Amino acid sequence: MRSQCLLFLLLARLAFVYVDCSYEGDVLYAWKIKLDDPNKILQSWNQTSANPCTWFHVTCNINNNVTRVLKGPLIPELGDLTNLQYFEVYENKINGSIPSEIGKLSKLISLGLYNNHLSGSIPSSLANLTSLRFMRLSHNNLTGTVPKEVFQLISFGKLITLDVSDNYFNGTVRATNSTGFTITTVIQDPKA
C-alpha cells in the first residue's frame, strides 16, 4: 500500500511538472507567432514539443522551468513565465508599450529592453520586481516620468543599474545614489 501511495505521489509530481512545461511552452509559442523570424532561428519552438527547455534560445532550471529567453516583441502573457530570471530582448525593433504584466515576474534579475522602439510610460507594476538588479530601458521612445515606485527598488530592492537614457522622460534624477550597501547608478535621460 505504501509503495502505491509513493508511486501515485511521484506520478502526480511528474504530471504537475509536465503541465508547467506545457503551459510555459504555450506562452512561448504564442510569443513566437508574433515574431518576424525570416531566418527560422526559432524553428525549434514547436507547439507539439512537450518541453520548451529543448528549444533554442530558451534556458531552464533543473525543474524544467523557463528561466531565460532571448529576443522578440512583448506580449502580456510573458508575465506568466513566473520563473523567468533574465528578460533580454534588446535591439529588436520592438514597438508598443511595456506590458504591466511584466511586473509579475518576481524572480527577474535583469530586464533589458534597450535599443527598441518602445513607447508610452514605464508601468508602475515594475516596482514589484524586488529581485531585479539591472533595468535597462534606454534608447526607446518612452515618455512621462519614471514612477517613484520604481525608484524605490534602489532603496528597498536590489537594483544596481537603472538606465533610462535616450528617451523622452520629464524631470531629473540624481546621477548616483549610495544606499549604504550598494551604489546604484541612475543614467539620466539626455533628451529631457
Side-chain angles (χ1 to χ4, degrees), residues 24 27-28 30-32 34-35 42 52 55 57-61 65-169 171 173-177 179 181-192:
E24 289 183 335
V27 169
L28 291 175
W31 188 28
K32 176 195 175 186
K34 305 257 186 207
L35 297 173
L42 302 177
W55 299 353
H57 306 292
V58 174
T59 304
C60 296
N61 63 17
N65 298 116
V66 175
T67 58
R68 179 180 278 208
V69 292
L70 302 173
K71 303 202 181 244
L74 306 180
I75 60 172
E77 291 83 0
L78 291 170
D80 294 332
L81 298 174
T82 55
N83 290 292
L84 197 63
Q85 295 176 327
Y86 299 89
F87 191 47
E88 305 291 335
V89 292
Y90 51 88
E91 298 176 353
N92 280 292
K93 299 181 183 173
I94 297 170
N95 58 18
S97 61
I98 301 171
S100 62
E101 291 82 358
I102 299 296
K104 296 184 341 187
L105 302 174
S106 61
K107 296 180 182 175
L108 202 62
I109 295 169
S110 182
L111 178 61
L113 302 178
Y114 58 93
N115 284 345
N116 282 297
H117 301 288
L118 294 169
S119 58
S121 60
I122 297 175
S124 60
S125 64
L126 295 189
N128 298 330
L129 305 176
T130 56
S131 296
L132 199 63
R133 296 178 59 88
F134 308 98
M135 183 185 299
R136 296 180 181 98
L137 306 176
S138 63
H139 298 88
N140 280 292
N141 299 310
L142 298 170
T143 58
T145 59
V146 178
K148 66 180 177 187
E149 297 89 354
V150 170
F151 281 117
Q152 290 176 347
L153 290 174
I154 296 168
S155 300
F156 304 111
K158 299 177 181 177
L159 194 62
I160 295 171
T161 300
L162 171 61
D163 186 350
V164 295
S165 63
D166 203 19
N167 280 289
Y168 296 96
F169 291 118
V173 294
R174 287 186 285 167
T176 59
N177 176 35
T179 61
F181 296 103
T182 61
I183 303 294
T184 301
T185 303
V186 180
I187 302 171
Q188 175 65 29
D189 181 12
K191 291 182 184 176

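These numbers come from a predicted model, not from an experiment.
Judged by distance alone, the side chain of Thr161 and the main-chain N or O of Phe134 form no donor-acceptor pair under 3.5 Å. A donor-acceptor pair is defined here as one N or O able to donate and one able to accept, closer than 3.5 Å; such a pair exists between the side chain of Ser131 and the backbone of Ser106. No donor-acceptor pair closer than 3.5 Å links the side chain of Ser100 to the backbone N or O of Pro123.
Applying the salt bridge (Lys or Arg N to Asp or Glu O under 4.0 Å) test to residues at least two apart or on different chains, the pairs with a partner in residues 77-87 are Asp80-Lys104.
Between the CG atom of Leu111 and the CG atom of Asp163 there is a distance of 11.5 Å, given to the nearest 0.5 Å. In this structure, Lys107 NZ and Thr82 OG1 are separated by 6.0 Å, a value rounded to the nearest 0.5 Å. With rounding to the nearest 0.5 angstrom, the OG atom of Ser119 is 7.5 Å from the CG atom of Leu142. Separation of atoms OG (Ser110) and CZ (Arg133) is listed at 10.5 Å; rounding is to 0.5 Å. In this structure, the separation between CG on Leu162 and CG on Leu126 is 10.0 Å, given to the nearest 0.5 Å. One finds the CD1 atom of Ile109 at 9.0 Å from the CG atom of Leu132 (value rounded to the nearest 0.5 Å).
You'll find the side chain of Leu118 reaches within 4.5 Å of the side chain of Leu74, heavy atoms only. Taking the side chain as every heavy atom from C-beta outward, Tyr114 and Asp166 never approach each other to under 4.5 Å. When side chains are defined from C-beta on, Phe156 does not count as touching Thr130, because their heavy atoms never get closer than 4.5 Å. Side-chain contact between Phe87 and Leu78: present, with at least one pair of heavy atoms (C-beta onward) separated by less than 4.5 Å. Looking at heavy atoms from C-beta onward, Leu137 lies out of side-chain contact with Phe169 at the 4.5 angstrom threshold. Residues Asn83 and Glu24 form a side-chain contact, since some pair of their non-hydrogen atoms from C-beta on lies under 4.5 Å apart.
Remark: of the listed residues Leu153, Val146, Ile154, Leu113, Leu153 is the sole one forming a side chain to side chain contact (heavy atoms under 4.5 Å, CB included) with Met135. For the side chain to side chain contact (heavy atoms under 4.5 Å, CB included) test with Leu129, the passing option among Leu159, Val150, Leu105 is Leu105; the others fail.
Scanning all heavy atoms of the two residues, the minimum distance from Glu88 to Gly112 falls at OE1-CA, 3.4 Å. For the residue pair Ile98 and Ile102, the shortest heavy atom distance occurs at CG2-CG1, 4.4 Å. Annotation for Pro99 and Pro76: closest pair CB-CA, 4.0 Å, computed over non-hydrogen atoms. Leu28 and Pro52 make their closest contact through CD1-CB, 4.1 Å (heavy atoms, listed as atom of the first residue, atom of the second, distance).
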Set out, in order, the CA-CA distance, both residues' side-chain angles and the distance that settles side chain to side chain contact (heavy atoms under 4.5 Å, CB included) for Asn167 and Thr143, then state yes or no. CA-CA 7 Å; Asn167 280 289; Thr143 58; over 6 Å; no
Let's go through Val27 and Val66 carefully: what are the C-alpha distance in whole Å and the side-chain angles of both, what is the deciding distance for side chain to side chain contact (heavy atoms under 4.5 Å, CB included) to 0.1 Å, and is it a yes or a no? CA-CA 11 Å; Val27 169; Val66 175; over 6 Å; no
Before giving the answer on side chain to side chain contact (heavy atoms under 4.5 Å, CB included), spell out for Asn65 and Cys60 the whole-Å C-alpha distance, their side-chain angles and the decisive distance to 0.1 Å. CA-CA 5 Å; Asn65 298 116; Cys60 296; 5.9 Å; no
